[in-house]
A.B. asks: 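Quick one: structure below, then a few questions.
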Amino acid sequence: MSQLLPYLFLGLLLSAVLAWWVWDAIVHRRAAEVLAPRQHRSSVRSIGLQRDLGERIFGPEDWDFVSSETTWEIHRMFQHERTVLAIAWLRRTRLQVSQVMRAHLAVAQHSEDLKLATEMRLAMSYLLFLVLCNSLIGWVWLYGPVRTRKIIGQTLQWAAQLRGAFEQLMARVDPASCRVVGANLNHETVRS
Amino acid sequence: MGLERRNIDLEPAITDLRNRTLSRLPGDFSRLVYLASSRDLNTGHYSHDGLAFHFSETVASEAMAACHRQIFDRLVYASLEELIEELCNYIASTDERPEEFLKSWKHLGSYRVTIPSECDELEAEVFLSNIRMALAILQKRQKSVSQDEQSA
């Protein structure tokens with residue numbers, strides 16, 4: 001019986017995280033819709049300016065400046081402001097990856113060229129990404145974005161890999177929808 | 001194709017606007033405020049008589065909107081230190097007393113109208129958050145300068 005305890009604990013933890021994610025997704029559905037990036041006209045932004053908002057929010061430069069130049073009141077204000085932005089950015093990242101996954105599922109249902117192993121791997125990656133993303137939201141909420149910066153960096157890399165895998169799959173299954181998804185993701189957030 | 005064509009049409013107007021008007025303003029923040037104040041808040045259209053005379057009202061408005069977004073983007077991705085410097089330059093370019101300017105901007109939230117019409121929601125939030133930070137830092141600096149002056 002005691003051998004099963006770690007598995008039971010892990011299962012409970014995973015269920016709790018997933019339940020929290022579902023709750024969070026329902027409660028913040030409206031916010032997520034607002035957070036979805038608007039489609040810009042191509043003239044709106046020059047290519048050189050398409051930088052990553054995540055890097056802007058979590059980058060160390062501002063915190064280094066604030067911590068060296070200002071008082072603790074400003075430190076607290078900075079932590080609070082960046083926490084709000086970081087959580088909004090993480091929710092958006094989650095929303096974007098979920099949109100890609102939904103698009104993939106919609107296309108995959110009509111595809112005859114599906115490889116079960118690849119699909120399973122993709123599904124697992126997606127699930128882990130969601131768990132990580134939700135855990136990060138919790139971490140940022142508890143500890144602030146400054147302390148979670150390193151983990152966020154790793155998540156960004158992972159998200160970029162996930163995006164690469166999605167794009168490869170989409171290109172194989174449906175090249176047309178791949179272009180649409182690519183345009184949505186290229187807007188920002190997950191950069192390879 | 002249509003959008004590319006429109007970009008090509010806008011390019012001379014954008015260049016003209018940059019060379020004749022925007023380059024004369026001290027820094028990106030001043031340019032941002034200038035462009036935002038040239039916009040009709042009811043319609044979202046920008047007006048510039050000289051530019052409209054050389055091109056057309058529509059082209060002038062679109063060129064101004066494009067410049068507005070570019071400058072806004074630059075400021076969103078500028079570091080907090082750079083943004084503070086930009087804000088200081090802008091305050092210095094006005095004839096207002098810095099403490100009154102800061103107080104007014106903080107209480108009225110005047111900086112909110114500087115956001116372009118077509119911009120990403122989260123980018124706008126990042127910009128507003130950074131401006132709030134910059135104003136708070138400048139106010140602190142201003143207070144300590146005033147205290148130093150009083151004690152001297």
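Reminder, nothing fancy here: chain letters follow the sequence lines and each chain counts from 1.
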A.B. asks: With the side chain counted from C-beta on, respond yes when A:E81 and B:V126 share a heavy-atom pair under 4.5 Å apart, and no when they do not.
C.D. replies: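 A:E81 does not reach B:V126 side chain to side chain.
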A.B. asks: Measure distances from B:I84 to the heavy atoms of chain A and classify the residue's part below 4.5 Å as side chain, backbone, both or neither.
C.D. replies: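 Only the side chain of B:I84 comes within 4.5 Å of chain A.
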A.B. asks: If you count the non-hydrogen atoms of other residues, nucleotides and ligands that lie under 6.0 Å from CG in B:D49, is the total more than 12?
C.D. replies: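 Counting neighbours around CG of B:D49, 12 or fewer heavy atoms of other residues, nucleotides or ligands fall under 6.0 Å, so no.
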A.B. asks: First locate atom CD1 of B:I137, then atom CZ of A:F65, and finally report the distance between them rounded to the nearest 0.5 Å.
C.D. replies: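 It comes to 5.0 Å.
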A.B. asks: Return yes when atom CD of B:Q139 has more than 12 non-hydrogen atoms of other residues, nucleotides or ligands closer than 6.0 Å, and no otherwise.
C.D. replies: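 Counting other residues, nucleotides and ligands, CD of B:Q139 exceeds 12 neighbours.
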A.B. asks: Taking a hydrophobic cluster as the set of Ile, Leu, Val, Met, Phe, Trp and Tyr residues connected by side-chain heavy atoms closer than 4.5 Å, whether directly or through intermediates, do A:V84 and B:F127 fall within one such cluster?
C.D. replies: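 No; B:F127 is not reachable from A:V84 via cluster members.
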A.B. asks: Does A:H80, at its NE2 atom, have more than 12 non-hydrogen atoms belonging to other residues, nucleotides or ligands within less than 6.0 Å?
C.D. replies: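 Not more than 12 within 6.0 Å, no.
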A.B. asks: Work out which heavy atom in A:R56 is nearest to a heavy atom in B:L80; give both atom names and the distance.
C.D. replies: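 Taking A:R56 first and B:L80 second, the nearest heavy atoms are NH2-N, 3.8 Å.
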A.B. asks: What's the shortest heavy-atom distance between B:K140 and A:E73, and which atoms?
C.D. replies: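 Closest approach of B:K140 to A:E73: NZ-OE1, 2.8 Å.
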A.B. asks: Side chain, backbone, both or neither: which part of A:I57 has a heavy atom under 4.5 Å from chain B?
C.D. replies: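 When you check distances to chain B, only side chain atoms of A:I57 fall under 4.5 Å.
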A.B. asks: Looking at side-chain heavy atoms only, is the closest gap between B:R132 and A:M77 below 4.5 Å?
C.D. replies: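 They are in contact (side-chain heavy atoms under 4.5 Å apart), so the answer is yes.
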A.B. asks: Mind checking the CG-CG spacing from B:N130 to A:L85? Nearest 0.5 Å is all I need.
C.D. replies: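 Going from the CG atom of B:N130 to the CG atom of A:L85 covers 7.5 Å.
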A.B. asks: Counting only heavy atoms not in B:E57 (residues, nucleotides, ligands), do more than 12 fall under 6.0 Å from its CD?
C.D. replies: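 Atom CD in B:E57 is not packed in, count stays at 12 or less.
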A.B. asks: Less than 4.5 Å to any heavy atom of chain B: does that hold for the side chain of A:V66, its backbone, both, or neither?
C.D. replies: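 Contact with chain B involves the side chain of A:V66 alone.
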A.B. asks: Between B:F29 and B:V113, is there a shared hydrophobic cluster once you connect ILVMFWY residues whose side-chain heavy atoms come closer than 4.5 Å?
C.D. replies: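 In one cluster: no.
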A.B. asks: Around atom CD of B:E99, are there more than 12 heavy atoms from other residues, nucleotides or ligands closer than 6.0 Å?
C.D. replies: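 Counting neighbours around CD of B:E99, more than 12 heavy atoms of other residues, nucleotides or ligands fall under 6.0 Å, so yes.
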A.B. asks: What part of B:A124 lies closer than 4.5 angstrom to a heavy atom of chain A: side chain, backbone, both or neither?
C.D. replies: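 Neither part, no heavy atoms under 4.5 Å.
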